[in-house]
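The block underneath contains the structure these notes are about, expressed in structure tokens.
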Amino acid sequence: MDNLIDLALQSRLSRICNNGRSIADEEPFFVADLGQVVRQHRRWKSALPHVHPFYAVKCNPDPTLLKLLCELGTGFDCASIAELQSVLSLDVDPSRIVFANPCKTASSLVFARRVGVTHTTFDNLDELDTIKAYHPDAQLVLRIFASDSDALIEFGDKFGASTESTPLLLARARELDLNVTGVSFHVGTGAINPSAFIRAIQTARAVFHQAENHGFQMTVLDIGGGFQDSNFEDIATSVQKTLREVFPPHVRVIAEPGRYYARSAYTLACKVISRRRQIGDPRRTDTQPDMLYQNDGVYGSFMNVIMEKETVRPSLVASLLPSHCLPGGATCRRQPGERRYSIWGPTCDGLDCVVRDTVLESEVKVGDWLKYKNMGGKQTSILSILQVNSRND
Ligand SMILES: *Cc1c(COP(=O)(O)O)cnc(C)c1O
């Protein structure tokens, strides 16, 4: 798989060189491996065969990814009109969409109602009033508080009804003659502890009972996102076991994985646009690594470095570039052996640091390209995306 990605990178870079120096040639770009998405989907189906995934579009709304997931048969978790539109434009049936934002605008509810998206979440009294006014026939999913305190990002503070508030919310929904049909939660992105899922599933079961006592027919449990590669099977085992123990089999269980599907499928390529070698001051030369400046940073594709304290590790794209591609006709010959570098983004902002101290396999020169794997998790920038497909590897 890595070979295929490297080939795509090389072929793009060799074209850039032949075409001279246009602005587009200096842009970072992604390589998306669709085969990796297919493998993650197979892995999901084998570990969680009874849990239907609704991909969280906000994680990475690349239309090619959405189309592939649509073909694979997943549902979609949308949080805005724009996300609803991009999924609906693929001819996805509205029943395959959950509008999983517990705090929606009036216009987005009007839109959802018009296009036939009926499943939506809520977690507070005011939202019930908004829903009553703009989408009174919606099928409501009560989002409850859940949290893995060791997760990469907790959602607990922003969303989720407390255990104390769920009876009041259900009573109010009844009063407004609204239709509650399920419970959802999200333990946080990059969840680590199976116990967070176990606890949340148990709480959800208790809320099912409360809702049934209010006369609601409860049919859906939504166990949210937070799944990551490193412990997916462990979490899946606990989830399956707990579901079997506490939920009757007729309840439909869905989930909202985001990163799980998108993260590992995308590799980002960035160009080194400048370099500062530590010269002159012996105090710096001895302690500070040389500095590389590249064409993408924390205000673009590396937002996670700041927002989620994610550490990234680039590697040098093994250069096939002829020497005339480097500035001043510099030779491609580089000093061999590992080198430490700090890597900075293209803005003049001092915060725009991608990596403080990392080791690369050899000297890096201006005009070189660096590749970063696992960059599909929080795609905010609109960069070009090359596609490869390692499905048959
Ligand atoms: C972001 C989000 C997800 C996806 O989270 P991951 O950690 O990427 O799996 C799922 N559901 C909701 C409601 C979200 O906001």
Side-chain angles (χ1 to χ4, degrees), residues 36-37 40-41 43-44 47-48 51-62 65-66 69 74-84 86-87 96-104 108 112 117 119-124 127 140-161 182-194 196-197 200-201 204 220-236 239 253-266 303-304 307-310 374-380:
Q36 177 59 16
V37 178
Q40 288 295 79
H41 187 58
R43 194 177 161 194
W44 182 282
L48 286 174
V51 180
H52 195 68
F54 279 57
Y55 172 68
V57 176
K58 77 145 190 279
C59 180
N60 182 334
D62 175 9
L65 172 61
L66 298 183
L69 289 168
T74 71
F76 296 90
D77 153 2
C78 297
S80 65
I81 294 183
E83 290 181 10
L84 289 167
S86 51
V87 171
R96 277 169 69 187
I97 297 175
V98 50
F99 194 2
N101 183 342
C103 301
K104 294 169 288 291
S108 66
V117 171
H119 272 98
T120 190
T121 55
F122 75 103
D123 68 359
N124 66 76
E127 186 72 8
L140 303 186
V141 175
L142 172 50
R143 173 139 168 203
I144 57 170
F145 176 84
S147 176
D148 177 353
S149 52
D150 295 325
L152 206 55
I153 329 173
E154 292 179 63
F155 277 92
D157 292 344
K158 186 165 181 188
F159 296 122
V183 171
S184 75
F185 58 80
H186 192 308
V187 297
T189 283
I192 296 184
N193 300 309
F197 277 93
I201 292 170
V220 187
L221 170 68
D222 178 349
I223 63 170
F227 305 93
Q228 56 180 338
D229 281 336
S230 54
N231 59 0
F232 176 63
E233 277 75 15
D234 287 348
I235 299 246
V239 164
V253 185
I254 69 172
E256 300 165 348
R259 310 297 166 95
Y260 172 83
Y261 276 97
R263 189 169 183 273
S264 57
Y266 289 72
M303 189 184 272
N304 278 3
M307 305 292 276
E308 300 173 20
K309 310 266 181 294
E310 185 165 340
N374 298 319
M375 290 293 287
K378 190 85 206 168
Q379 203 195 305
T380 48

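Just so you know, ligand 1 is whichever comes first in the structure, and atom 1 is the first atom listed for that ligand.
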**Study point:** Check: F197 and D148 side chains under 4.5 Å, non-hydrogen atoms
**Key:** no

Review point. Which of the atoms in ligand 1, numbered in the order shown and given with their element, are less than 4.0 Å from a heavy-atom of A56?
Key: 3 (C), 4 (C), 10 (C)

Practice item. Compute the shortest N/O to N/O distance between G226 and ligand 1 and return yes if it is under 3.5 Å, no if not. Key: yes

Practice item. Taking the side chain as every heavy atom from C-beta outward, state whether N60 and Y55 have any pair of such atoms under 4.5 Å apart. Key: yes

**Study point:** Backbone or side-chain N or O of G258 under 3.5 Å from ligand 1 N or O
**Key:** yes

Practice item. Output yes when E310 and R263 qualify as a salt bridge under the 4.0 Å nitrogen-oxygen rule, no when they do not. Key: yes

Review point. Heavy-atom contact under 4.0 Å between R143 and ligand 1?
Key: yes

Review point. Is it true that a side-chain atom of S108 and a backbone atom of S80 form a donor plus acceptor pair closer than 3.5 Å?
Key: no

Review point. What are the atoms of ligand 1, with element, lying closer than 4.0 Å to any heavy atom of G225?
Key: 9 (O)

Exercise for review: Tell me which one of T189, V57, T121 gets a heavy atom nearest to atom 7 (O) of ligand 1.
Suggested key: T189

Exercise for review: Determine whether the side chain, the backbone, both or neither of H186 has a heavy atom under 4.0 Å from any heavy atom of ligand 1.
Suggested key: side chain

Point to revise | Close-contact set for ligand 1 against A100 heavy atoms, below 4.0 Å | key: 13 (C)

Check your understanding: Would you say G224 touches ligand 1, if touching means a heavy atom closer than 4.0 Å?
Key -> no

Check your understanding: For R96, what residues pass the salt bridge (charged side-chain N to carboxylate O under 4.0 Å, His left out) criterion, not counting sequence neighbours?
Key -> none

Review point. Of all the atoms in ligand 1, which lie at a distance below 4.0 Å from a heavy atom belonging to K58?
Key: 1 (C), 2 (C), 3 (C), 14 (C), 15 (O)

Check your understanding: Hey, does P53 have a side-chain heavy atom less than 4.5 Å from the side chain of Y261?
Key -> yes

Exercise for review: Kindly say whether A100 contributes a backbone atom to a donor-acceptor pair with the side chain of R143 at under 3.5 angstrom?
Suggested key: no

Point to revise | Nitrogen or oxygen atoms of D77 and ligand 1 under 3.5 Å apart | key: yes

Review point. What residues, two or more places apart in sequence or in another chain, satisfy side chain to side chain contact (heavy atoms under 4.5 Å, CB included) together with Q228?
Key: I192, S230, N231

